Amino acid sequence: MTRIAVVGGGRIGEALIAGLREAGTPGSDIVVIEAVQARADELAKKYSILPTTLDIGCEGADVIAIAVKPQDVPAVTERIGEAISDSVHESIVVSLAAGVSTESLENKLSAGSPVVRVMPNTAMLVGQGVSAVCKGRFARDEHVEQVKTLMESVGGVVVVTEAQMDAVTAVSGSGPAYFFLLTEAMIDAGVEQGLPRDVATTLATGTAHGAGAMLAAGGDGPGQLRYNVCSPGGTTAAAIRAFEAGGCARPWPMRWRPPRPSPTRSHRPRRTMTTTTSPDPTPARRPPQRIRTWPQGVL
């Protein structure tokens with residue numbers, strides 16, 4: 001029996017709870033720690049789990065999953081450290097927040113506390129996520145296996161090193177947004193060509209679902225699957241050439257870094273305007289971009 005404390009009752013926290021319950025974890029083995037009492041009560045009723053305070057919830061927990069916003073992680077981890085500092089029970093502290101290193105978590109906890117970092121993605125909300133897991137200095141292989149089992153309740157899991165976590169964030173953490181953007185562009189293109197929006201939406205989302213299923217089935221890789229669709233001289237080949245001409249086939253500059261905090265109003269640099277029409281590659285103010293324009297030559 002593994003006792004799990006989920007700190008944070010937002011979308012990611014709820015997705016984890018839902019996955020655990022769906023996988024057969026008894027509600028009596030899960031507690032949720034949520035600052036908004038109404039939300040805590042909602043989750044308790046929906047999943048038959050116990051809402052509680054951080055101090056009580058962390059005491060005796062085998063796994064403490066931190067599912068709060070990245071900016072809130074340091075303060076929450078410090079409180080967790082205080083709650084378990086005198087405990088003889090070993091708790092694995094798991095962070096599901098982007099950009100928070102295992103070292104920064106370890107510094108808030110008692111010496112030797114096992115920490116495991118997880119980078120999930122939003123598809124875990126429908127049980128189809130993919131998560132990357134890496135261990136901190138004091139986490140053992142059995143800790144990683146325990147967290148893998150936990151996260152497998154909401155999708156696939158891979159084990160990586162912490163040095164690879166930025167790349168993971170760029171590929172899978174942010175990845176769903178790339179597919180959403182492409183699907184949105186396909187819908188808009190269909191509407192521009194005369195399709196009703198509901199029809200274009202059904203076609204584009206169904207295509208995305210089917211293509212994803214083919215990729216997940218294994219066998220042929222994405223390159224071969226694309227080749228199979230492209231008849232020589234056909235419309236799909238022409239569309240692919242248009243994407244390639246726009247740079248879509250080249251590796252993206254995807255190195256992810258934690259976002260910098262916005263400057264305060266008093267320190268925010270003043271924007272300057274320019275009226276020049278010369279092709280200056282670094283204008284003072286970048287013109288707005290229409291991100292949903294279909295590549296020229298596709299339709």
Side-chain angles (χ1 to χ4, degrees), residues 2 4 6-8 10-13 15-17 19-20 23 62-74 76-77 80 90-109 112-180 212 215-219 221-223 250-260:
T2 300
I4 303 161
V6 179
V7 184
R11 290 163 60 84
I12 296 299
L16 180 58
I17 293 168
L20 290 169
D62 298 296
V63 177
I64 302 172
I66 303 174
V68 299
K69 295 179 180 179
Q71 62 266 30
D72 296 330
V73 170
V76 169
T77 306
I80 291 171
E90 183 180 66
S91 299
I92 308 170
V93 178
V94 181
S95 169
L96 283 76
V100 181
S101 69
T102 58
E103 182 180 5
S104 67
L105 297 171
E106 290 163 350
N107 290 339
K108 302 287 186 181
L109 302 169
S113 296
V115 171
V116 176
R117 178 179 170 187
V118 177
M119 184 64 240
N121 69 9
T122 190
M124 71 182 287
L125 297 173
V126 293
Q128 296 293 320
V130 59
S131 302
V133 174
C134 74
K135 64 180 180 178
R137 287 182 298 167
F138 308 112
R140 302 186 297 274
D141 289 343
E142 57 263 35
H143 295 145
V144 174
E145 288 302 315
Q146 195 168 351
V147 175
K148 275 186 63 181
T149 301
L150 186 81
M151 296 308 299
E152 282 171 353
S153 67
V154 290
V157 183
V158 298
V159 179
V160 300
T161 65
E162 186 150 26
Q164 296 171 319
M165 270 298 195
D166 283 356
V168 167
T169 303
V171 174
S172 61
S174 302
Y178 313 151
F179 289 93
F180 298 153
L215 285 168
R250 294 194 295 269
W252 299 348
M254 294 175 62
R255 183 167 178 80
W256 183 90
R257 297 185 186 278
R260 295 180 179 179

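Because the structure is a prediction, the values reported are computed rather than measured.
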Decide yes or no for Val160 and Met165: does some side-chain heavy atom of the first lie under 4.5 Å from some side-chain heavy atom of the second?
-> yes

Any side-chain heavy atom of Glu103 sitting closer than 4.5 Å to one from Val115?
-> no

Other residues, nucleotides, ligands: >12 heavy atoms within 6.0 Å of Glu152 CD | yes

Does atom CD of Gln128 have more than 12 heavy-atom neighbours, drawn from other residues, nucleotides or ligands, at distances under 6.0 Å?
-> no

Begin with the C-alpha distance, continue with both residues' side-chain angles, and end with the deciding distance and a verdict on side chain to side chain contact (heavy atoms under 4.5 Å, CB included) for Ile4 and Asp62.
-> CA-CA 6 Å; Ile4 303 161; Asp62 298 296; over 6 Å; no

Can you name the closest pair of heavy atoms from [X] and [Y] and give their distance?
| X | Y | result |
| --- | --- | --- |
| Leu96 | Pro120 | O-CD, 3.7 Å |
| Val171 | Tyr178 | O-CE1, 4.3 Å |
| Val68 | Gly8 | CG1-CA, 4.0 Å |
| Val154 | Gly19 | CG1-CA, 3.8 Å |
| Arg11 | Thr122 | NH2-OG1, 4.4 Å |
| Arg117 | Gly99 | NH2-N, 3.7 Å |

Please round to the nearest 0.5 Å and tell me the distance separating atom [atom1] of [X] and atom [atom2] of [Y].
| X | Y | atom1 | atom2 | answer |
| --- | --- | --- | --- | --- |
| Arg140 | Ile92 | CZ | CD1 | 8.0 Å |
| Ile12 | Asn121 | CD1 | CG | 8.0 Å |
| Ser101 | Glu162 | OG | CD | 5.5 Å |
| Leu150 | Thr2 | CG | OG1 | 8.5 Å |
| Arg137 | Glu106 | CZ | CD | 5.0 Å |
| Thr77 | Leu105 | OG1 | CG | 4.5 Å |

Using the side chain to side chain contact (heavy atoms under 4.5 Å, CB included) rule, take Lys108 and Val76 through it: C-alpha gap first, then chi angles, then the decisive distance, then the call.
-> CA-CA 9 Å; Lys108 302 287 186 181; Val76 169; over 6 Å; no

Judged by atom type as modelled, is there a donor-acceptor pair below 3.5 Å linking the side chain of Thr149 to the main-chain atoms of Glu145?
-> yes

Between Ser174 and Ala170, is there a donor-acceptor pair closer than 3.5 Å when you use the side chain of the first and the backbone of the second?
-> no

Among Val157, Val118, Val159, find the residue that satisfies the side-chain contact (heavy atoms from CB on, under 4.5 Å) test when tested with Val147.
-> Val118

Would Ser131 and Met124 satisfy side chain to side chain contact (heavy atoms under 4.5 Å, CB included), going step by step from the backbone distance to the final call?
-> CA-CA 9 Å; Ser131 302; Met124 71 182 287; 5.5 Å; no

